[in-house]
Amino acid sequence: MHSRIRSGIRWIGSTMAALRPSSVSFDSSVSGPTNSFMGLLHKSPIFDSRKKLVRVGETHLGSLPSVKRNLVSRLEASSDSLGLGQHLTSNKMGNEMESLDKTDQGLDFFEELKHRFLCFKKQKYLEEPEHFQALAKAQSPKFMVIACADSRVCPSNILGFQPGEAFMIRNVANLVPPVENGPSETNAALEFAVNTLEVENILVIGHSSCAGIETLVSMRDDVNSSSFVENWVANGKVAKLRTKAAAGHLGFYQQCKHCEKESINHSLLNLLTYPWIEDRERKGLLSIHGGYYDFLNCTFEKWTIDFKRSSIEKEGPKCLVKNRAFWC
């Protein structure tokens with residue numbers, strides 16, 4: 001079993017795992033999952049997923065023997081915590097690795113995408129022609145969703161958003177920069193969603209084992225970086241400082257988990273720096289929410305910012321929340 005898991009490490013995702021800088025110091029005393037981006041073995045509720053593991057590149061950390069051993073142990077720990085251990089038999093793992101070799105040619109993968117599209121057309125589009133004809137003319141979503149670009153955190157899958165229900169923007173670490181930072185793809189999407197589509201809710205979704213947050217927590221603040229990633233996640237610097245103050249005595253991964261939630265609240269406050277968002281919130285036309293998806297335990301936390309009691313004053317910004325809910 002161990003040998004097959006180790007062989008699987010060659011396919012650890014480079015898309016986001018490469019965000020973690022080489023300066024990260026691993027805390028061996030913490031048993032929480034690292035952001036290896038190996039992904040969880042799962043089956044799609046609609047499509048046959050027996051050969052759907054995506055082959056992705058090797059990370060610069062994954063090439064180190066000590067890190068490989070660490071990733072293997074964390075994968076095993078995560079599988080056991082999910083009750084998956086007894087289901088991942090050696091035969092099944094072998095079959096899944098063989099399927100990766102097949103999709104490596106590219107042909108099978110796009111055949112699968114074709115199959116998924118045709119299933120969508122048959123089971124959704126052709127079954128609801130009036131709905132999709134209406135969407136072709138205009139959209140009026142109730143939600144604006146800001147989520148992480150992480151491939152494991154798809155709002156449409158985990159929250160069941162259907163076409164036309166949510167206007168979405170996804171970025172590294174689901175961050176919202178303050179208005180004074182100037183134009184970005186995120187606030188351009190916000191402006192369109194709030195001023196043109198007049199959404200009624202903004203939902204910022206963070207998640208467990210976020211590589212962007214790990215980068216934020218581990219990087220040095222006194223060094224000018226040429227990295228696009230580091231310059232982007234620096235938007236969460238205030239959340240990092242608050243994390244260091246409240247949880248600096250904890251291990252690295254525990255600090256990251258704290259910062260994952262702290263950065264969500266920091267983004268909620270940053271939303272209020274946009275006058276057109278603050279104005280609609282004040283008039284009761286818009287509500288701002290935070291959400292946290294733990295994909296290891298498949299739980300979701302949701303809360304709403306208490307606009308009247310929160311403050312964006314630089315001297316003492318504070319994010320007070322209400323209507324907390326925990327879905328499990």
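- Taking CD1 of Ile305 as the reference point, atom CD1 of Ile288 lies at 5.5 Å (rounded to 0.5 Å).
- The shortest side-chain heavy-atom distance between His207 and Phe295 falls under the 4.5 Å cut-off.
- Between the CG atom in Asn224 and the CD atom in Glu230 there is a gap of 11.0 Å [rounded to 0.5 Å].
- Of all non-hydrogen atoms in Met168 and Pro155, the two that sit nearest each other are CE-CB, 3.8 Å.
- Within a 6.0 Å sphere centred on NZ of Lys244, other residues, nucleotides and ligands contribute more than 12 heavy atoms.
- Within 6.0 Å of the CZ atom in Phe326, the count of heavy atoms belonging to other residues, nucleotides or ligands exceeds 12.
- Put simply, the side chain of Leu271 reaches to within 4.5 Å of the side chain of Val204, judged on heavy atoms.
- Lys318 approaches Arg309 most closely through the heavy-atom pair CE-O, 3.4 Å.
- Residue Gly182 comes nearest to Asn187 through the heavy atom pair O-ND2, 2.8 Å, listed as atom of the first residue, atom of the second, then distance.
- Between Asn195 and Leu190 the shortest side-chain heavy-atom distance does not fall below 4.5 Å.
- The shortest side-chain heavy-atom distance between Arg280 and Lys283 does not fall under the 4.5 Å cut-off.
- Screening Thr215, Val233, Leu216 for a side-chain contact (heavy atoms from CB on, under 4.5 Å) with Val172, the sole residue that qualifies is Val233.
- Of all non-hydrogen atoms in Pro177 and Ser184, the two that sit nearest each other are CG-OG, 3.8 Å.
- Side-chain contact between Ile202 and Val176 is absent, with no heavy-atom pair separated by less than 4.5 Å.
- Put simply, the side chain of Tyr292 does not reach to within 4.5 Å of the side chain of Thr299, judged on heavy atoms.
- Smallest separation of non-hydrogen atoms from Glu214 and Phe252: O-CZ, 3.8 Å.
- Take Tyr274 and apply the ring-ring contact (aromatic ring centres under 6.0 Å, His included) test, not counting sequence neighbours, and it matches Trp276.
- Side-chain contact check for Glu278 versus Phe307: some heavy-atom pair is nearer than 4.5 Å.
- A distance of 7.5 Å separates CG of Leu272 from CD1 of Ile277, quoted to the nearest 0.5 Å.
- Across Ser310 and Leu269, no two heavy atoms sit closer than the pair CB-CD2, 4.3 Å.
- Residue Trp327 is grouped with residue Leu203 when hydrophobic side chains (ILVMFWY) are merged at heavy-atom distances under 4.5 angstrom, including chains of intermediate members.
- A 6.0 Å sphere centred on CZ of Arg242 holds no more than 12 heavy atoms belonging to other residues, nucleotides or ligands.
- Residues Glu281 and Asp279 form no side-chain contact, since every pair of their non-hydrogen atoms from C-beta on lies 4.5 Å or further apart.
- Classification of Lys240 and Glu262 as a salt-bridged pair fails, no side-chain N sitting under 4.0 Å from a carboxylate O.
- With a 6.0 Å radius and a threshold of 12 heavy atoms from other residues, nucleotides or ligands, Asp221 has its CG atom above the threshold.
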Atom pairs and distances, side-chain donor-acceptor, residues 125-149, under 3.5 Å, sequence neighbours left out:
{"residue": "Glu128", "atom": "OE2", "partner": "Lys124", "partner atom": "NZ", "Å": "3.4"}
{"residue": "His131", "atom": "NE2", "partner": "Pro163", "partner atom": "O", "Å": "3.3"}
{"residue": "Lys142", "atom": "NZ", "partner": "Glu200", "partner atom": "OE2", "Å": "3.4"}

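- Remark: His289 engages Asn201, Thr304 in a side chain to side chain donor-acceptor pair (under 3.5 Å) (not counting sequence neighbours).
- Applying the side-chain hydrogen bond (donor to acceptor under 3.5 Å, both in side chains) test between Asn181 and each of Asn235, Asn270, Thr186, Thr273 identifies Asn235 as the sole match.
- Between atom CG of residue Leu159 and atom CD of residue Glu165 there is a gap of 10.5 Å, rounded to the nearest 0.5 Å.
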